[in-house]
Amino acid sequence: MASALAEEPGTFPFASLGLSPQDFIAQLPVGCLVHDGSRMVYASEQTLALSGYRRDEIEQLPFLKLVHPDYVSRAMELDAHPFSLRQEMQLWRKDQTSTWIEYVGYRIEAGTGIYILAFLVAIEAWKSREAQLARTAFIDPLTGLGNRQLLTRELDRLLLERADSRARLAILFLDLDRLKLVNDSLGHESGDRALTTVAARLRDALPERALITRHGGDEFIVLLPEVSDRPALERIAADLLAVVPKTVDIDGNEVMLTASAGYAIYPEDGTSADELLKNADRAMYRAKRLGGNSFQFHESVREPYNTSHRLQLERQLRSALREDEFLLHFQPRISTATNRVIALEALVRWRAPGEKTLLPAEFIQVCEETGLIHELGRKILALVARQLSLLEEAGLTGVRVAVNLSPRQFLHPGLVGDVDRLLFARGISCDRIEFEITESTMLQDSEQVVRNLSLWRSRGVRVALDDFGRGYSSLERLRLLPFSHIKIDRHFLLNLPQERTNLAIVQAVILIAGSLGMQTVAEGVEDAETAELLRELGCHELQGYHFAHPMSSADSIAFIKKHDESA
């Protein structure tokens, strides 16, 4: 075979180059061999170097002896390819080690036989880099635990497997209670060391087959693919919460943290990954509101809305609406261009005489289910109109007020009349008010959503998409829906300067919003470093505890005056 190649070089000018075909092949940066499907006919020097065989050894070998046993079937697939075959496989070396190659084989006819001319490209280094990238793509660099992408992949896989069997699994959402105090008092480096210590403890306390992932900041999510009963889940949560408060020594400082956790169980608490994660998150926040260092099942979040408790709460809400027991607190939004207050977000509170003030999470669901949300919405709009009047009296005519609307409120045909009546009575222009709607609204009647967005835009009312990134948004929906603002969900701001994944997501949202003619608002800004980074990224407005907590009407007006004077 080799002599035939030398005598019949075709039209390639080997002679004028002073080369024989063998010399030419020897200078190629890849291995070359010829075989007839079983017996070796020719092997280049590069092939000998790759395989570790001498020439007299390799030319006596059957071709498949050079192929790792796991890839023999791939090497034999050439029979099904009449012209050529390209495969990644592992070459089996003389010393019984293997190395990755790309095998490119061609059928050729020479004399009376059919041969395979194969080129062997060494790709071991490339495959190693590929494997490393695959590993790092799913690993949190600080703690070494899995990350959000790994959890999403594994959870989606398990849900697909269990769609028919309905076998149960559980999600545990765990959040450290006091890490911010460590960061503020000892610095973020110390906080990171405490975090990695706690992460290792949590990993070691988990049962076999459980997956723990970190989701930025001090949030962890545990995927439990094997669920027997609730007592077993209670024991797992108790074990995890027990290892967190052990003392962590940071440069001679004894640090003790606690954690809050929430469970959601498939299929009782949700059949999709998003639903399960949201419900576990809600249960965790319920545990935090109850004082922390505890865990809650998702059902305990819903418990007040069941049977007699729900009926009692409904009666109390009807009475509260009659007695005007609802009030608004306001949280400022700061323009990054001027550093002045550009808007206030109105946040409803329920304060019955002699009772503690309740947050929306504790009563909005019942309002939605009973239809009381529309009456509550009118009360809120009346309070917003009053606040706008007070802002005008104070000379703050450039400050808008943003109102959160549920899907039922936004799509209700009476909303236009309510807004016109309440604002017109006080002589207030529609462009002083904003609506904030969540991503779930986009899953409602899409045509009506588009019509309503266009209607409000034509009247000068800005509509913002709230909590962007936590639910159902798609670029296609954003392209079709005329939002004025996108509010970046606070979860993506957690530890933003250090979290590369969150940083990339926030940067992408700002760029996408800008390309669609929308502005961005970052909510949940809790420190100066995050605020400055968001300014540099081009975010338009900032909101969070770094600037101000939600406050009363009078305090919000005083805050605006004082803040804008120093801007």
Side-chain angles (χ1 to χ4, degrees), residues 140 143-148 150-151 154-155 158 162 167-182 191 193-250 254-270 273 275-304 306 361-362 494:
D140 171 56
T143 63
L145 302 179
N147 60 13
R148 187 189 303 266
L150 178 62
L151 177 83
E154 290 303 300
L155 182 54
L158 287 171
R162 298 171 190 218
R168 301 165 87 198
L169 62 82
I171 291 290
L172 178 71
F173 205 117
L174 185 145
D175 186 272
L176 302 184
D177 295 325
R178 302 171 62 233
L179 186 65
K180 187 177 185 300
L181 179 61
V182 178
R193 288 163 63 187
L195 188 66
T196 54
T197 300
V198 171
R201 291 174 181 173
L202 291 171
R203 181 190 58 220
D204 294 342
L206 282 173
E208 191 176 353
R209 293 200 65 206
L211 172 67
I212 180 169
T213 57
R214 177 177 176 239
H215 282 229
D218 53 4
E219 291 183 342
F220 300 90
I221 295 181
V222 178
L223 172 59
L224 296 160
E226 295 177 349
V227 177
S228 55
D229 52 31
R230 294 218 168 184
L233 291 176
E234 290 176 359
R235 287 193 294 273
I236 292 171
D239 289 343
L240 293 175
L241 295 183
V243 301
V244 175
K246 293 180 180 178
T247 301
V248 180
D249 186 279
I250 305 292
E254 290 190 351
V255 173
M256 184 173 288
L257 302 171
T258 58
S260 301
Y263 268 120
I265 302 172
Y266 171 87
E268 296 97 308
D269 300 324
E275 192 175 10
L276 288 168
L277 290 169
K278 282 190 172 182
N279 287 338
D281 193 9
R282 290 182 182 127
M284 182 273 292
Y285 275 106
R286 171 73 170 176
K288 276 192 177 293
R289 287 197 299 271
L290 293 175
N293 197 24
S294 64
F295 67 90
Q296 295 286 315
F297 285 96
H298 176 59
E299 276 193 357
S300 63
V301 179
R302 296 194 302 254
E303 186 179 8
N306 292 335
E362 299 175 85
L494 292 172

Sidechain N-carboxylate O distance under 4.0 Å for E226, R168: no
Could you label the plane-to-plane angle of the F297 and Y263 rings as parallel, tilted or perpendicular, counting under 30° as parallel and over 60° as perpendicular? parallel
So which atom in [X] and which in [Y] form the shortest heavy-atom distance, rounded to 0.1 Å?
| X | Y | answer |
| --- | --- | --- |
| A210 | L224 | CB-CD2, 3.6 Å |
| L223 | E154 | CD2-CB, 4.0 Å |
| L241 | S260 | CD2-N, 4.5 Å |
| A264 | A280 | CB-N, 3.6 Å |
| A283 | G262 | CB-CA, 3.6 Å |
| A259 | L176 | CB-CD2, 4.0 Å |

Counting N and O atoms only, with roles assigned by atom type, does the side chain of N279 sit under 3.5 Å from a partner on the main chain of E275, one being a donor and the other an acceptor? yes
Pair F295-I236, side-chain contact (heavy atoms from CB on, under 4.5 Å): steps then yes or no: CA-CA 11 Å; F295 67 90; I236 292 171; over 6 Å; no
If we count only N and O atoms by modelled type, under 3.5 Å, do the side chains of N147 and T213 hold a donor and an acceptor together? no
In Å and rounded to the nearest 0.5 Å, what is the [atom1] to [atom2] distance from [X] to [Y]?
| X | Y | atom1 | atom2 | value |
| --- | --- | --- | --- | --- |
| I212 | L240 | CD1 | CG | 6.5 Å |
| Y285 | D175 | OH | CG | 6.0 Å |
| R230 | R235 | CZ | CZ | 14.0 Å |
| L277 | R148 | CG | CZ | 9.0 Å |
| R201 | T196 | CZ | OG1 | 10.0 Å |
| M284 | I221 | CE | CD1 | 9.0 Å |

Find out whether [X] and [Y] are in side-chain contact, i.e. whether some heavy atom of one side chain is under 4.5 Å from a heavy atom of the other.
| X | Y | result |
| --- | --- | --- |
| L174 | V222 | no |
| L155 | L169 | yes |
| L233 | I265 | yes |

Check against side-chain contact (heavy atoms from CB on, under 4.5 Å), V243 and V198: CA-CA 8 Å; V243 301; V198 171; over 6 Å; no
Derivation and outcome, side-chain contact (heavy atoms from CB on, under 4.5 Å), residues L257 and D177: CA-CA 7 Å; L257 302 171; D177 295 325; over 6 Å; no
Hey, mind stepping through D218 and L195 against side-chain contact (heavy atoms from CB on, under 4.5 Å) and telling me if it holds? CA-CA 7 Å; D218 53 4; L195 188 66; 4.3 Å; yes
